[in-house]
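Throughout, a chain's letter reflects where its sequence line sits, starting with A, and its residues are numbered from 1.
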Amino acid sequence: MNKYRSHTCNGLRKKNVKSKVFLSGWINKKRDHGNLLFIDLRDNYGITQCIIDKENKNFKDLEKIQLETVIKVKGKVVNRSNETINKDIDTGEIEVSIENFIILGTCKELPMPIFSDQEYAEEIRLKYRYLDLRRKKIHENIILRSKVISFIRSEMNNLGFLEFQTPILTSSSPEGARDFLVPSRLNPGKFYALPQAPQQFKQLIMVSGFDKYFQIAPCFRDEDARADRSPGEFYQLDLEMSFVEQEDVFEVVEKLLVKTFKKFSNKKLISDKFPKITYKDALLKYGSDKPDLRNPLIINDITEVFSRDDVSFEIFKKLVKSGSKVRCIVTKNTKDKPRSFFDNIDKWAKDQGASGLAYFTIEKDKEILAKGPVGKFFSKESLEEIMKKTKAKVGDSVFLACSKQKDLEKITSIARDKIARDLNLIDENVFAFCWVVDYPMFEIDEQTKKIKFSHNPFSMPQGNIEKLNFEKPLDMLAFQYDIVCNGVELSSGAIRNHIPELMYKLFSIAGYDNKQVDEKFSGMINALSYGAPPHGGIAPGIDRIIMLLANEKNIREVTMFPMNQNAQDLMMNAPSDVSEKQLKELNLSLKLKK
RNA sequence: GGGGGUGUAGCUCAGUUGGUUAGAGCGAUCGCCUGUCACGCGAUAGGUCGAGGGUUCGAGUCCCUUCACUCCCGCCA
């Protein structure tokens, strides 16, 4: 090929035996027999075993060489005898008998081993990311990421979408996450913001008449990290389409995701057509707007049962009178589970800050009865009503929680997950997608008690626009949707509001007057008044798609150069101090909090 | 901003109710070994037990403060 190599480290096979070759790569592993030395040479493509014995004048030098040194070896491909074939590597039928070698890159003592399945502290992995990235698992994750992105690009092209770049330096917006700010030198005292998403730009692209747009877009949000959330930056497959309804967007995304997940994972999709669940139903049945549909357990509301006179569960009855609700999770055929199974779940719920999970098991002697600590509070008839409401059968158990709606949703949601895991009900080898639809347009801010946009201020409200009831904004639904896979929120999108007057109206409900809207969204609102097409889109999170495909729980495992939890790049030392001169040019001075 | 976990050799970890000189594997260095593929065998070096303070005759171990990393809550239209 060139002066460094005739083949890659995965290029040689039996048919190459007897040919003279040269390979370059890293010394992955040495096995030194004193008079015979094996060297596993590694590059991006694979590993080739190289061998040298003491008859060769280079033997002593190679024996002393450090692991991870980059060398070029020249030698002859030889057959391995049957007993010495290594089936674990592609090149395992042959080896290269080294004639001579040169060092291309020396290596100091390593801060961490490369050839090892050990887990290391995050700190050292991030500081020496270029070493960490040599390791098999993460190296393959990053390659997967590249392949998935390039596949998505080509599929989007096939579907008729055009890829455009949008600005990285843009303006700060009042809604949403905290912005990253960039001071402007030419405009003293003013700041750019990095885009939280190309939301307004992609709508402007539609107004500009381009019909279908996509971009693998970097998004920047200055919020605290989580295992599945990088601090700072992440990537979305941002897309937008003109003259579409919700179903048109769904069709494109389903096609794309089904193809992508089938191509890059062995896990089965539960269904190629993603079921739709309303936001309201999701919160009732799963306690969450990102339900894991691999989990067969369903939450039922049985508040009404607690107003019956033949139910004597006084604690719950009292709470229900003061506005709490009762919801339950039924587990199939668990009457013979040991007491510890139930008590563990109750104890776990208490650890989660709930008042615990009451439970009973439905049994039948002569007639239906409930066994367990709270079983005695329920009459036969009340149990039959619960069975009817929840489809529970004799032999099933019922876990009960009672609380105000928000807390109840929270505890039943995590209890649903916990119980399913304890009972081993979740099939780890499938992908279960769903759409969550019909998000409310507005919600009450818990802190300020004021009305705010529940999702995206640019979403189109549902229903006949002429007849919208602005008096009851909390009842207003939006053409706003999320896509969820295995309990992971992959993306959200919406049909946009392209009507300026309606936009002003909705913003006024959220507490912005026309002047503020004009100031903050001048580009958008102006554009919409010069002939805007109806349009909508969505933005699936690339990093989370790769996490699902790579079966990783942490986003750093699919990110090449991630920051740590405190948004620091330990390898590049970012963020860092800047010079007085730089600050002066920007008209900035620092005033640090103590 | 709050809560949990972790911190002992270059790396991964063990270290008992507080008690002699803090250990192991990998790695490093040196020696032996011609068919290994996590090669094997022997030896040597390597420690501010995250940091600071306290209790005690005596602290890796108990108490307080603090730092770093990580997970979670808040936050993330």
Side-chain angles (χ1 to χ4, degrees), chain A residues 28-42 47-56 59 63-64 66-68 78 80-89 91-92 95 97 107-128 131-132 173-179 196-197 199-200 219-232 234 351-353 410 414 439 441-443 445-447 452-459 478 480 482 489 492-494 506-507 510 520-521 539 541 553-554 556 563-566 568 570 593:
Chain A
N28 194 55
K29 193 74 192 165
K30 287 193 301 184
R31 289 174 296 281
D32 188 353
H33 291 234
N35 293 312
L36 178 72
L37 172 66
F38 296 96
I39 288 180
D40 290 339
L41 199 65
R42 181 196 77 239
I47 285 179
T48 302
Q49 175 167 284
C50 304
I51 184 167
I52 188 167
D53 71 17
K54 68 170 180 200
E55 303 304 318
N56 189 300
F59 182 79
E63 221 182 2
K64 286 198 162 46
Q66 288 268 8
L67 293 183
E68 293 304 312
V78 296
R80 291 209 210 177
S81 64
N82 279 339
E83 321 82 73
T84 61
I85 285 175
N86 182 353
K87 290 195 177 102
D88 296 334
I89 55 175
T91 59
E95 61 198 8
S97 172
C107 181
K108 296 197 287 190
E109 188 177 343
L110 294 162
M112 58 189 268
I114 308 296
F115 178 63
S116 163
D117 292 330
Q118 261 174 26
E119 308 250 356
Y120 315 115
E122 206 73 35
E123 202 172 353
I124 198 149
R125 293 185 59 193
L126 294 181
K127 183 168 179 193
Y128 298 97
L131 296 181
D132 191 37
S173 76
E175 288 283 318
R178 198 176 288 113
D179 283 319
Q196 295 181 23
Q199 178 64 37
Q200 293 190 58
C219 304
F220 305 90
R221 296 177 191 175
D222 188 4
E223 297 292 352
D224 290 352
R226 289 287 184 278
D228 63 349
R229 207 166 81 199
S230 294
F234 62 98
D351 289 344
Q352 300 303 307
K410 202 167 182 179
I414 55 177
Y439 274 79
M441 190 79 210
F442 298 102
E443 65 186 14
D445 188 310
E446 291 291 317
Q447 278 147 24
K452 63 169 189 177
F453 289 109
S454 77
H455 233 84
N456 184 321
F458 305 120
S459 298
Q480 169 81 47
D482 271 21
E489 185 189 329
S492 59
L506 295 171
F507 265 102
K520 290 297 180 188
F521 305 102
K553 295 253 177 305
N554 195 299
R556 290 185 296 271
M563 296 198 283
N564 72 6
Q565 193 172 41
N566 296 321
Q568 297 160 337
L570 300 176
K593 270 188 269 182

[N] and [M]: how far apart are their [atom1] atoms, nearest whole angstrom?
N     : M     : atom1 : answer
B/U8  : B/U70 : P     : 15 Å
B/C11 : B/G4  : P     : 28 Å
B/G10 : B/U66 : C1'   : 27 Å
B/G25 : B/U21 : C1'   : 22 Å
B/G54 : B/G60 : P     : 15 Å
B/G2  : B/U61 : C1'   : 29 Å
B/G46 : B/G5  : C1'   : 29 Å
B/G7  : B/C49 : C1'   : 10 Å

Identify, with sequence neighbours excluded, every residue that meets side chain to side chain contact (heavy atoms under 4.5 Å, CB included) alongside [X].
X      : answer
A/K29  : A/R31, A/D40, A/F115
A/I89  : A/I47, A/R80, A/N86, A/T91
A/S454 : A/P440, A/E443

Given the structure, check if the side chain of [X] and the base of [N] hold any donor-acceptor pair shorter than 3.5 Å.
X      : N     : result
A/R221 : B/C76 : no
A/E123 : B/U70 : no
A/E95  : B/G35 : yes
A/R31  : B/C33 : no

Give a yes/no answer on whether the side chain of [X] brings an N or O atom under 4.0 Å of OP1 or OP2 in [N].
X      : N     : value
A/R556 : B/C71 : yes
A/N554 : B/C71 : yes
A/K29  : B/C39 : yes

* To do: Please report the C-alpha distance between A/D32 and A/K30 in whole Å, then the side-chain angles of each, then the deciding distance to 0.1 Å, and finally whether the side chain to side chain contact (heavy atoms under 4.5 Å, CB included) criterion is met.
  => CA-CA 6 Å; A/D32 188 353; A/K30 287 193 301 184; 5.6 Å; no
* Asked: Just how far is it from atom CG of A/N564 to atom OG of A/S230, taken to the nearest 0.5 Å?
  -> 11.0 Å
Between [atom2] on [N] and [atom1] on [X], what's the gap in Å once rounded to a whole number?
X      : N     : atom1 : atom2 : value
A/D32  : B/C41 : CG    : P     : 14 Å
A/E63  : B/C32 : CD    : P     : 9 Å
A/D117 : B/C37 : CG    : C1'   : 15 Å

* Let me have a per-nucleotide readout for nucleotides 5-13 of chain B, 5' to 3', with B, S or -, counting only protein heavy atoms under 4.0 Å. => -----SSS-
Base paired to [N] (Watson-Crick or G-U; both N/O distances under 3.5 angstrom):
N     : answer
B/C32 : B/G40
B/U17 : none
B/A22 : none
B/U6  : B/A68

* **5' priority, RNA chain B, between A/I51 and A/P457 [closest heavy atom]** => A/I51
* Structure fact -> Between A/N564 and A/S492, the residue closer to the 5' end of RNA chain B by nearest nucleotide is A/N564
* **N-O pairing of A/E68 and A/R42 below 4.0 Å** => yes
* Asked: Under 4.0 angstrom, heavy atoms only, what part of the nucleic acid is A/R226 near: base, sugar-phosphate, or nothing?
  -> base
* Asked: Which part of the nucleic acid, if any, lies within reach of A/F453 when heavy atoms closer than 4.0 Å are counted: base, sugar-phosphate only, or nothing?
  -> sugar-phosphate
* To do: Could you pull out all residues at least two apart from A/Q200 that satisfy side chain to side chain donor-acceptor pair (under 3.5 Å)?
  => none
* In chain order, what residues pass the side chain to side chain donor-acceptor pair (under 3.5 Å) check against A/R178, with sequence neighbours excluded? -> A/E223
